Number of protein chains: 2
Amino acid sequence: MTSDTRAKMVAGAADLMSRRGVNATSMREVVRHTGTPRGSISHHFPRGKQQLIEDAVVFAGRTVSGPLEHLVQSRGAIAGLRTFIGLWRQTLEKSKFEAGCPVLAVAVEQYVNDATEKDGAPDEAAQQHLLDLADGVFADWQRIMFTALRREGVAPVRARRLAALVIASTEGTVAMCRAARSAQPLEDVRQELELVLSSALAK
Amino acid sequence: MTSDTRAKMVAGAADLMSRRGVNATSMREVVRHTGTPRGSISHHFPRGKQQLIEDAVVFAGRTVSGPLEHLVQSRGAIAGLRTFIGLWRQTLEKSKFEAGCPVLAVAVEQYVNDATEKDGAPDEAAQQHLLDLADGVFADWQRIMFTALRREGVAPVRARRLAALVIASTEGTVAMCRAARSAQPLEDVRQELELVLSSALAK
DNA sequence: TCCTGACTATGACGATCGTCATAACTTCAC
DNA sequence: GTGAAGTTATGACGATCGTCATAGTCAGGA
């Protein structure tokens with residue numbers, strides 16, 4: 001098998017990133033947190049921390065899009081919304097509102113690596129690539145919602161906007177729940193989004 | 001006057017936090033970025049970086065709630081929504097999608113300070129206080145929207161949910177725009193939110 | 001058995017970080 | 001003018017960081 005160690009590092013990095021953010025997640029902490037050998041970092045991730053973060057972002061993307069796509073295809077858009085919000089609610093509550101969304105962390109922060117950037121300027125290309133990956137994850141989640149809405153009769157333009165609203169508001173709400181240390185905002189937003197979607201479907 | 005230096009530091013910290021996040025914003029960079037004297041840090045902020053971040057969060061909160069409250073009171077909830085989204089759109093475009101929301105950064109990250117935390121455990125109380133402040137800013141913005149909706153006839157419970165939806169989705173969309181380096185998501189979400197609000201007001 | 005390749009252990013390197021102590025510079029009432 | 005208080009300048013301290021080089025371990029095929 002392709003090394004269980006590597007997978008544990010990626011999952012651990014995603015978890016830590018969702019709690020502390022990208023820059024506050026050190027590779028030393030990842031191996032401490034996951035019980036993996038520090039010496040294996042440069043073996044499994046030759047491009048270093050940058051590569052670990054990249055893998056963590058797409059890992060987090062797949063972790064959500066898997067169940068989401070499944071539920072959406074078998075039970076429709078509204079069930080997909082409930083699944084999406086329910087997944088984040090679980091993450092928040094199981095971690096006592098410490099963990100959030102690692103993809104959002106990448107979208108909010110700017111990754112700076114002092115070691116490889118001797119000169120003042122941060123590595124432009126590396127940051128752009130991380131943003132591309134985060135954008136790709138968001139676009140993937142949106143695509144799933146979009147497809148479901150289309151299949152249930154919503155016009156293309158409207159479906160795109162609604163999918164954007166669902167993903168964006170959920171991500172924002174996850175952060176607000178973290179700040180409030182309460183799942184109340186998620187509940188409020190879920191109710192309103194269900195109203196919006198069912199009224200768009202009834203049209 | 002109570003030291004122009006101090007104000008510049010706070011504003012500069014808020015700007016840097018919105019671009020890089022909390023942990024990637026160093027005090028040395030704040031003084032570099034604002035042209036303020038490094039030696040004045042411990043004079044104006046005896047509690048150090050923690051205090052600077054706290055001040056930056058409430059500064060960012062006021063910067064938005066000022067215009068927002070004004071527009072909402074003179075022209076109503078829908079105008080308030082347009083103002084709120086318009087402010088973020090300006091921030092994003094003027095910075096070429098590098099700057100975002102510093103309050104969101106606090107809500108997404110976890111502030112860790114190696115200097116004052118010799119032992120492994122991060123300072124629990126400090127982090128909680130930052131979250132309280134971020135939560136307070138979000139609550140303040142929500143309160144403004146809530147009051148406007150109430151005044152225009154929306155039932156209390158519904159008004160609370162709608163206010164939460166507006167703030168959360170806008171914050172989430174700002175992050176998504178940063179990832180996409182495009183204002184398109186903000187435009188999509190704005191349109192849908194206007195539909196939701198006007199239909200709630202027409203009820 | 002031995003060798004080869006994949007993996008792990010460990011410590012050094014240069015850098016930045018936040019904080020602090022100390023000294024110098026202003027400003028202005030007295 | 002001369003203190004004193006409010007500021008600013010500067011460098012040191014201990015810590016962590018990401019990376020790298022080197023050496024060690026350990027499978028399984030020849």
Side-chain angles (χ1 to χ4, degrees), chain A residues 1-10 12-13 16-17 20-56 109-123 125-127 130, chain B residues 1-10 12-13 16-17 20-56 109-123 125-127 130:
Chain A
M1 74 191 171
T2 69
S3 177
D4 177 58
T5 299
R6 213 197 113 103
K8 277 206 285 192
M9 284 178 172
V10 172
L16 278 176
M17 282 163 58
R20 311 177 169 240
V22 179
N23 290 295
T25 297
S26 73
M27 319 214 62
R28 287 168 151 95
E29 187 120 25
V30 170
V31 307
R32 225 173 302 159
H33 187 257
T34 56
T36 46
R38 168 155 145 347
S40 307
I41 288 179
S42 47
H43 184 260
H44 292 297
F45 306 92
R47 287 194 354 269
K49 185 177 180 180
Q50 169 86 21
Q51 186 178 5
L52 177 59
I53 297 170
E54 291 168 4
D55 285 15
E109 295 183 54
Q110 176 176 149
Y111 171 51
V112 308
N113 183 337
D114 301 327
T116 55
E117 302 158 10
K118 329 283 199 179
D119 45 0
D123 188 340
Q127 167 67 6
L130 282 181
Chain B
M1 72 192 170
T2 69
S3 176
D4 177 58
T5 298
R6 213 196 113 104
K8 277 206 285 194
M9 285 176 171
V10 172
L16 279 176
M17 282 163 58
R20 310 175 168 243
V22 179
N23 289 296
T25 297
S26 72
M27 319 214 62
R28 287 166 150 97
E29 187 120 24
V30 170
V31 307
R32 224 174 301 157
H33 186 257
T34 56
T36 46
R38 169 152 108 72
S40 306
I41 288 179
S42 47
H43 184 260
H44 291 298
F45 305 92
R47 288 198 349 271
K49 185 176 180 180
Q50 168 87 20
Q51 185 178 5
L52 177 59
I53 297 170
E54 292 169 3
D55 285 14
E109 296 183 52
Q110 177 177 148
Y111 171 49
V112 307
N113 184 337
D114 301 327
T116 55
E117 301 158 10
K118 327 285 199 181
D119 45 359
D123 187 340
Q127 168 67 4
L130 281 180

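Here is how names work: the chains are called A, B, and so on, in the same order as the sequence lines, proteins then strands, and each is numbered from 1. What you are looking at is a predicted structure, and each value in this text was computed from that prediction instead of being measured.
Annotation: salt bridge (Lys or Arg N to Asp or Glu O under 4.0 Å) contacts of A:R32 (sequence neighbours excluded): none. Annotation: side chain to side chain donor-acceptor pair (under 3.5 Å) contacts of B:S40 (sequence neighbours excluded): none. Scanning for side chain to side chain donor-acceptor pair (under 3.5 Å) contacts around A:S26 gives an empty result, with sequence neighbours left out. With sequence neighbours excluded, the residues forming a side chain to side chain contact (heavy atoms under 4.5 Å, CB included) with B:L16 are B:R20, B:T25, B:E29, B:V30, B:H33, listed by chain and number. For A:Q127, there are no side chain to side chain donor-acceptor pair (under 3.5 Å) partners at least two apart in sequence or on another chain. Residues satisfying the side chain to side chain donor-acceptor pair (under 3.5 Å) criterion with A:R28, sequence neighbours excluded, are absent altogether.
Comparing the local axis fitted to the first five base pairs of the helix from C:dT1-D:dA30 to C:dC30-D:dG1 with the one fitted to its last five gives a bend of 20°, rounded to 10°.
Between D:dA9 and B:H43, no contact under 4.0 Å exists linking OP1 or OP2 to a side-chain N or O. Here A:T5 reaches the OP1 or OP2 of C:dT8: one of its side-chain N or O atoms lies under 4.0 Å away.
Note: NZ (A:K49) to P (D:dT16) measures 15 Å, nearest angstrom.
For residues 41-52 of chain A, the set of pairs meeting the salt bridge (charged side-chain N to carboxylate O under 4.0 Å, His left out) definition, not counting sequence neighbours, comprises A:R47-A:E54.
Proximity of residues 21-31 of chain B to DNA chain D (heavy atom under 4.0 angstrom from any strand atom) is restricted to B:R28.
To the nearest 0.5 Å, atoms CD (B:E109) and CG (B:L130) are separated by 10.5 Å. Atom CE of A:M9 is separated from atom CD1 of A:I41 by 5.0 Å, given to the nearest 0.5 angstrom. Rounding to the nearest 0.5 Å gives a distance of 7.5 Å between CE of B:M27 and CD1 of B:I53.
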Tabulated below should be each protein N or O lying under 3.5 Å from an N or O of nucleotides 20-24 of chain D; please produce it.
none

Using nucleotides 24-29 of chain C, report all nitrogen or oxygen pairs with the protein that are shorter than 3.5 Å.
none

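Listed nucleotides: C:dT19, D:dG18, C:dA9. Nearest to the side chain of B:N113: C:dT19.
By the 4.5 Å heavy-atom criterion applied to side chains, A:Q50 and A:N113 are not counted as neighbours.
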